[in-house]
Amino acid sequence: VPELPEVEIAARNLRAWAEGKAVRAVIVHDPRVVEAPAAEAFVRALKGRRIEAIDRRGKWLRLRLDDGSRVFSHLGMTGKWVRRAPEAEPEPFERARVDLRDPDGDERGAVSLRYRDPRLFGRLHHARDDLAAFTALGPDPLVDGIDVARLHDRLARTRRAIKDALLDQAILAGVGNIQATEALWLARVDPRRPADQLARAEVRAIARGLERSIEQTLAHESGPEITYVEEAGAPNPFTIYGHGGDPCPRCRAPLDRYVLGGRGTVSCPRCQPTAGRPGRERREKGSSRTQRRP
Ligand SMILES: [Zn+2]
């Protein structure tokens, strides 16, 4: 499932393949992939336009066109953009294709971007302005960086388990199940701890854990095509995600696997203690919010 690093790689690839090029043709093989407008209007809106810039926020890709309008692409569970020669056969599960040429018409610059999505949870969207789902996103760890004080304040306002809170796209954009699991292990914080009980030092450790985990995944997965862990035969590059029952790489205790907030979760019973570390301050400033008890 694409999380921030996979979508970041998709953004980098699309930037290299498509930025500055003009849209020669768009073919929608499966109209369900275009959320809005209708598929025919989507094709018309893109045709002849130049792609000026491509960026990413959270799990969203945004292509800015030369008329100021935008194309949004969300990869859902299994979506992928790949580059092919214009004459190449359709990919398995190809839902749409965008053929590009150099603005000066040089045929050597012609490429065909194919959007492939077996499970079809991904979406394409053309709009005059930013989508509400895009503007509602919280800070992106890579684009904006993580402000520890601000994250701590935000987490202090929810009693949800810390892992569930990290998956809330309004708190941090782009963090998914894998990155949250890895970061909490790096930070030695149990995923089930209530978010409002974390000390500033623990929030800082989680922020550093996310940055490190995202960097490691980017370094491992960078390439012309993203591989998702769930794909048959794909190696698992993660430290503890998908390793329930295996020994903890840090302390050798068998890793626990359980469901939290409906998602498979892995943590170490020894180095991610459920109660946090004894004697730790609960909050650095103010006491009113810690008084809240059922
Ligand atoms: Zn451990």
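Order of listing sets the numbers, starting from 1, for every ligand and every atom in it.
Between Arg212 and Glu215 there is no salt bridge, since no side-chain nitrogen of the basic residue lies less than 4.0 Å from a carboxylate oxygen of the acidic one.
The set of protein atoms (N, O or S) found at less than 2.8 Å from the Zn ion (ligand 1) reads Cys248 SG, Cys251 SG, Cys268 SG, Cys271 SG, by chain and number.
Looking at residues two or more places apart in sequence or on another chain, you find no salt bridge (Lys or Arg N to Asp or Glu O under 4.0 Å) involving Arg101. Considering only residues two or more places apart in sequence or on other chains, Glu94 meets the salt bridge (Lys or Arg N to Asp or Glu O under 4.0 Å) condition with Arg114.
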Check residues 38-51 and write down every donor-acceptor pair under 3.5 Å in which the side-chain atom is one partner and the other belongs to a residue at least two apart or another chain.
from	atom 1	to	atom 2	distance (Å)
Arg49	NE	Asp66	OD1	2.6
Arg50	NH1	Gly20	O	3.2

**Message:** Apply salt bridge (charged side-chain N to carboxylate O under 4.0 Å, His left out) to residues Arg57 and Asp140 and explain how you reach the verdict.
**Reply:** CA-CA 6 Å; Arg57 186 164 197 89; Asp140 181 285; over 6 Å; no
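Side-chain atoms of Thr239 and Trp185 form no donor-acceptor pair, as typed in the model, at a separation below 3.5 Å.
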